[in-house]
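Quick note on labels: first sequence line is chain A, next is B, and so on, each numbered from 1. The basis for the numbers below is simple: all heavy atoms, side chains too, and nothing from hydrogens, waters or symmetry mates.
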Protein chains: 2
Amino acid sequence: MSTKEEKFNNYLRAKGLKFTPERKIILQEVFSLRKHFNADQLFEKLHKKNRQISRATVYRSLPLLVESGLIVETLRCQSKVSYEQIFGHKHHDHLVCIKCGRIIEFRNEKIEKLQEEVCKEHNFKAVEHRLGIRGYCSRCLSRANKKSS
Amino acid sequence: MSTKEEKFNNYLRAKGLKFTPERKIILQEVFSLRKHFNADQLFEKLHKKNRQISRATVYRSLPLLVESGLIVETLRCQSKVSYEQIFGHKHHDHLVCIKCGRIIEFRNEKIEKLQEEVCKEHNFKAVEHRLGIRGYCSRCLSRANKKSS
DNA sequence: CCTTTGTTGCGACTGTGTCTCAATTGCAAT
DNA sequence: ATTGCAATTGAGACACAGTCGCAACAAAGG
């Protein structure tokens with residue numbers, strides 16, 4: 001099993017790209033953030049740490065991290081693309097609370113299997129899939145019941 | 001079974017809003033477009049027909065149509081929110097070709113059931129769910145095979 | 001007729017993300 | 001170490017979807 005750095009480096013080399021200091025810093029920061037994050041949060045955090053890396057570089061690096069298989073584009077929340085670390089994580093799906101924004105992860109093998117079947121039926125070669133269920137989480141539901149008008 | 005107009009009107013009245021001529025025109029146009037569309041396509045079409053309805057009004061009306069249950073926000077394609085008519089249609093999910101953009105709809109009862117179970121497990125009240133599988137459609141696959149380099 | 005409340009269009013604005021371009025850097029070959 | 005060159009960077013301008021504030025307007029009720 002290789003490290004994140006190795007995996008990213010291998011990807012970059014294979015494409016004739018360089019593992020620059022900026023990319024190294026971005027890689028580290030991505031994995032020091034919580035699992036779900038977006039471009040701005042990443043930029044902000046770098047900025048606060050006085051890592052002067054431009055917005056453009058941050059935005060340019062994220063697709064590289066996606067292509068290298070370290071992170072993945074997940075849901076779009078409030079018109080922002082949200083990313084998620086997948087290095088060393090299994091695929092899973094999301095319950096998204098539309099009230100508090102909480103993201104609950106789940107994995108259901110049967111659903112995964114059924115998706116494969118659907119693709120087979122349609123001669124479709126899946127690259128990626130996302131199942132997002134939007135609604136109200138248990139906390140928000142119980143809170144709503146307590147102070148029901 | 002009520003018509004689209006009645007359903008929209010009922011929703012509006014219930015919220016103390018009005019079924020204005022602009023909203024009527026927008027409603028008609030939405031249902032004369034093909035099933036999947038976005039705000040700009042709608043605006044363009046109205047414009048071409050010399051229906052002088054402002055962009056702002058179009059953007060303001062779409063959330064109303066969503067809340068009234070006539071249309072639904074589906075996938076985001078190329079940073080645009082895409083809508084879909086659901087009046088008189090059953091829920092379904094999508095295979096999206098990342099090469100040609102084709103959208104293939106499917107419905108799988110077992111997946112729907114399993115999703116309900118997942119929600120129950122997490123005490124989650126689903127409002128809406130989207131399953132999008134992105135990949136290559138059969139046409140694009142066979143085309144790629146023919147002229148494989 | 002007058003008031004209230006919702007609606008519209010206009011244009012300015014916001015915010016995310018992209019692009020251009022000149023200057024710089026990393027790396028391999030010399 | 002030096003050179004050559006492609007990749008990279010930062011800065012700011014730009015593109016574009018979507019939103020907002022505001023003044024004029026319309027509908028409904030008293």
Could you pull out all donor-acceptor pairs under 3.5 Å where a side-chain atom in residues 58-70 of chain A meets a protein atom, sequence neighbours excluded?
from     : atom 1 : to       : atom 2 : distance (Å)
Ser61(A) : OG     : Thr57(A) : O      : 2.8
Glu67(A) : OE1    : Tyr11(A) : OH     : 3.3
Ser68(A) : OG     : Leu64(A) : O      : 3.4
Ser68(A) : OG     : Leu65(A) : O      : 2.9

I want to verify a distance call: between [options], whose nearest atom is closest to the [X] side chain?
| X | options | result |
| --- | --- | --- |
| Arg60(A) | dT19(D), dA11(D), dT16(C) | dA11(D) |
| Ala56(A) | dG18(D), dG9(C), dA11(D) | dA11(D) |
| Ala39(B) | dG18(D), dG9(C), dA11(D) | dG18(D) |
| Ile53(A) | dG10(D), dG9(C), dT19(D) | dG10(D) |

Atom [atom1] of [X] and atom [atom2] of [N]: how far apart are they, to the nearest Å?
| X | N | atom1 | atom2 | value |
| --- | --- | --- | --- | --- |
| Phe43(B) | dC16(D) | CZ | P | 15 Å |
| Lys80(A) | dT18(C) | NZ | C1' | 17 Å |
| Lys24(A) | dT25(C) | NZ | P | 17 Å |
| Arg55(B) | dG9(C) | CZ | P | 13 Å |
| Leu62(B) | dG18(D) | CG | C1' | 11 Å |
| Leu46(B) | dT8(C) | CG | C1' | 14 Å |
| Ile25(A) | dT9(D) | CD1 | P | 10 Å |
| Glu73(A) | dT16(C) | CD | P | 15 Å |

Point to revise | nucleotides 1-7 of chain C: protein proximity per nucleotide (B base, S sugar-phosphate only, - neither; heavy atom, under 4.0 Å) | key: ----BSS

Exercise for review: Return yes when atom NZ of Lys45(A) has more than 12 non-hydrogen atoms of other residues, nucleotides or ligands closer than 6.0 Å, and no otherwise.
Suggested key: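 Enclosed: over 12 neighbouring heavy atoms sit under 6.0 Å from NZ of Lys45(A).
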
Please determine, by modelled atom types, if [X] and [Y] share a side-chain donor-acceptor pair under 3.5 angstrom.
| X | Y | result |
| --- | --- | --- |
| His36(A) | Gln41(A) | no |
| His91(B) | Asp93(B) | yes |
| His89(A) | Glu105(A) | no |

Review point. With a cut-off of under 6.0 Å to the ring centre and 45° to the axis, is Lys4(B) in cation-pi contact with Phe31(B)?
Key: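 Ring-cation test returns yes.
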
Review point. For dT19(D), does either OP1 or OP2 sit under 4.0 Å from a side-chain N or O belonging to Tyr59(B)?
Key: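 For dT19(D), neither OP1 nor OP2 has a side-chain N or O of Tyr59(B) closer than 4.0 Å.
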
Practice item. With heavy atoms under 4.0 Å as the rule, sort Asn38(B) into base, sugar-phosphate or nothing. Key: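 Nothing, no heavy atom under 4.0 Å.
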
**Study point:** Close side-chain approach of Asn123(A) and Leu141(B), heavy atoms under 4.5 Å
**Key:**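 Side chain of Asn123(A) against side chain of Leu141(B), heavy atoms only: no contact under 4.5 Å found.
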
